[in-house]
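Since we're looking at a predicted model, the values are computed, not measured.
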Amino acid sequence: TLEGLCMGRRLAGGMGMMALVVVACSRMVQADNAETTRLAELDALWGTISKAVATGDFEAYAATCHPDGVLVIGRRQRTEPLAVALQRWQKEFDDTRAGRMKASASLRWATRYGDATTAYEVGILRYASQPTGGEEQVEYVDIEVVLVKRDDGWKVTCENQKGVTTEKAWNALAPTK
């Protein structure tokens, strides 16, 4: 009957709408899972960087940088290849490894977004150094970091050290996991 045919179409239309909702929810869950995975991978990278600084493991630190990466030193209005910055920083890594100084690097993020292979993060770097027998020097730096995921993991392609900030600004951000 005509009434039965119309009822069947309404059910089919309702089922089509239900299928659309199920697909949309499934994609949202997949996106949430991808985001969770990306953030966990990036948190692991920042953990590797912090550990490398604390132990003076220059090779581990250098391995987190893209070979064509760029360091932007905003407060000095200059740029340089990360490879050049790494050469300059190696002495502090060597001194830390040899026990002539202590160092630590911690990061807290205000903004984090990206996709499965790219990421942009904005936050604060807390860098502390202390020569043996000397006073600890702590610096808080506003940073932006652009990363790319390669076969061998996430790599820093651009680190913009925008400028010095305060401990108060640092404390306003939640600690990285």
Side-chain angles (χ1 to χ4, degrees), residues 31 34-97 100-131 134-150 152-177:
E35 176 80 356
T36 299
T37 299
R38 180 179 58 80
L39 291 175
E41 291 171 353
L42 290 168
D43 288 345
L45 173 77
W46 303 125
T48 296
I49 288 172
S50 293
K51 182 178 179 184
V53 169
T55 61
D57 189 344
F58 179 77
E59 292 75 22
Y61 186 90
T64 67
C65 298
H66 190 283
D68 297 322
V70 175
L71 175 66
V72 178
I73 307 165
R75 60 187 173 199
R76 294 191 183 128
Q77 297 183 341
R78 69 172 224 224
T79 63
E80 66 185 17
L82 271 172
V84 171
L86 287 169
Q87 291 172 354
R88 191 174 60 254
W89 298 337
Q90 185 166 4
K91 181 181 180 334
E92 289 187 24
F93 279 91
D94 293 344
D95 287 349
T96 300
R97 180 173 279 199
R100 291 186 291 270
M101 71 175 277
K102 292 180 183 177
S104 66
S106 303
L107 295 140
R108 292 187 179 176
W109 303 111
T111 303
R112 304 178 87 179
Y113 56 86
D115 61 22
T117 61
T118 63
Y120 174 71
E121 304 203 332
V122 178
I124 298 175
L125 163 69
R126 180 191 185 275
Y127 178 74
S129 62
Q130 181 178 15
E135 277 191 45
E136 181 181 55
Q137 301 294 316
V138 178
E139 187 173 20
Y140 298 93
V141 180
D142 281 319
I143 63 167
E144 297 176 328
V145 184
V146 179
L147 304 105
V148 65
K149 187 173 183 183
R150 297 171 33 140
D152 57 344
W154 287 96
K155 304 295 177 190
V156 174
T157 60
C158 182
E159 178 181 325
N160 180 4
Q161 296 181 0
K162 295 169 37 175
V164 176
T165 191
T166 65
E167 183 177 7
K168 183 178 179 181
W170 166 261
N171 288 334
L173 298 177
T176 301
K177 298 174 186 170

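Side-chain contact between L45 and L147: present, with at least one pair of heavy atoms (C-beta onward) separated by less than 4.5 Å. No side-chain heavy atom of Q87 sits under 4.5 Å from any side-chain heavy atom of Q90. The shortest distance between side-chain heavy atoms of D142 and I124 falls below 4.5 Å. Here the side chains of L71 and W89 are in contact, with some heavy-atom distance below 4.5 Å. At least one side-chain heavy atom of R108 sits less than 4.5 Å from a side-chain heavy atom of P175.
Residues passing the side chain to side chain contact (heavy atoms under 4.5 Å, CB included) test with T48, sequence neighbours excluded: T64. Applying the side chain to side chain donor-acceptor pair (under 3.5 Å) criterion to W154, with sequence neighbours excluded, gives E41. Remark: K91 pairs with D95 by the side chain to side chain donor-acceptor pair (under 3.5 Å) rule, at least two apart or across chains.
No side-chain donor from either of Y127 and Q161 sits under 3.5 Å from a side-chain acceptor of the other.
Residue pairs satisfying the salt bridge (Lys or Arg N to Asp or Glu O under 4.0 Å) criterion with at least one member in residues 48-59, sequence neighbours excluded, are listed as follows: D57-R97. Applying the salt bridge (Lys or Arg N to Asp or Glu O under 4.0 Å) test to residues at least two apart or on different chains, the pairs with a partner in residues 65-76 are R75-E139. Identified under the salt bridge (Lys or Arg N to Asp or Glu O under 4.0 Å) test for residues 153-170, with sequence neighbours left out: E144-K162, D152-K155.
Counting only distance, with no hydrogens or angles, the side chain of T96 and the backbone of E92 share a donor-acceptor pair below 3.5 Å. A distance-only check finds a donor-acceptor pair linking the side chain of T157 to the backbone of V146 [under 3.5 Å]. Between the Q130 side chain and the G134 main chain, a donor and an acceptor come within less than 3.5 Å of each other.
Note on ring orientation: taking the six-membered ring where Trp is involved, the planes of Y61 and F93 are tilted (angle from 30° to 60°).
The residue from W46, W170, Y120 that alone fulfils the ring-ring contact (aromatic ring centres under 6.0 Å, His included) condition with W109 is W46.
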